[in-house]
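Data first, discussion second: the structure below is written as structure tokens.
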Amino acid sequence: MTPTLFDHLEQQEPLSKELGPGTALLRGLAQDHEALIMEALFAVAAESPFRHMVTPGGFRMSVAMTNCGALGWVTDSKGYRYASMDPETGGPWPAMPKVFMDLAQQAATLAGYPTFIPDACLINRYEPGARLTLHQDKNENDFAEPIVSVSLGLPAVFLFGGLERSDKTIRLPIVHGDVLVWGGPARLCYHGINPLKKGSHPATGGYRFNLTFRKAG
DNA sequence: TAGTAGCT
DNA sequence: GGAG
């Protein structure tokens, strides 16, 4: 039986107050298909391997990334953008696995975006110490489309701020299986991930993986 | 400025 | 030495 948004909200702290409308933290939503998801993730990585991209400023990112779907997020000395081809392999990104698409659409629907059809899935791999500093997702074409973020493996602290970098941030402890959706007035909020702490997780070993679904094109 | 260093 |  598919859980309703009410089922999820019932078991969690009231996020809507802090994060505003259009935003939901769906605790444990990805746990049901955890084995299938990890299998699909490794299949994607076998085709387009994880790599440490470089920011326009010339810094190597601590998070290793790959993509699946029609478009993939990339950064290099020329800037941030979406590309239909993997710069490393020269070929298209791997197709988005059905289990990814189904999960993203289920999460988006629960959060109030029933027509969400992602064309991009950025896969982030965090090792201990890896982090993402506060940033906005603004390389997509339509900001009316939400962001769906799936957490797998080691726990992390998700930072959620406002529309300006200097705005106060709240710290959300995120664990394996949690899915965070944000859109509407929160769509362009600054967010980030604190440096990952060392640990071990049955599903992912010493890593945290994050799937970020977007309609980019 | 999707980073890092350096401070409290 | 970790957290902010």
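Protein chains get the first letters and strands the later ones, always in sequence-line order, with residue 1 at the start of each.
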At 4.0 Å (heavy atoms only), tell me whether A:Arg214 reaches a base, stays on the sugar-phosphate, or touches nothing. base

Is A:Asn210 touching bases, backbone alone, or none of the nucleic acid, heavy atoms closer than 4.0 Å? nothing

Check the distance between [N]'s [atom2] and [X]'s [atom1] and give it to me in whole angstrom.
| X | N | atom1 | atom2 | result |
| --- | --- | --- | --- | --- |
| A:Asn194 | C:dA3 | CG | C1' | 8 Å |
| A:Lys198 | C:dG2 | NZ | C1' | 13 Å |
| A:Tyr126 | B:dG3 | OH | C1' | 14 Å |
| A:His135 | B:dG3 | NE2 | P | 8 Å |
| A:Ile193 | B:dG3 | CD1 | P | 12 Å |
| A:Tyr190 | B:dG3 | OH | P | 13 Å |

Does B:dG3 have its OP1 or OP2 closer than 4.0 Å to a side-chain nitrogen or oxygen of A:Thr133? yes

Looking only at side-chain N and O atoms, does A:Lys197 come under 4.0 Å of OP1 or OP2 in C:dG2? no

Can you tell which of A:Gln136, A:Glu145, A:Glu140 makes a side-chain hydrogen bond (donor to acceptor under 3.5 Å, both in side chains) with A:Arg187? A:Glu140

Answer yes or no: is there a side-chain heavy-atom contact under 4.5 Å between A:Asn139 and A:Arg81? no

Determine the Euclidean distance between corresponding C1' atoms of B:dT1 and B:dA5; express it in Å to zero decimal places. 13 Å

Any chance the side chains of A:Thr169 and A:Arg171 put a donor and an acceptor closer than 3.5 Å? yes

Taking a pair as Watson-Crick or G-U wobble with both distances under 3.5 Å, which nucleotide is matched to B:dC7? C:dG4

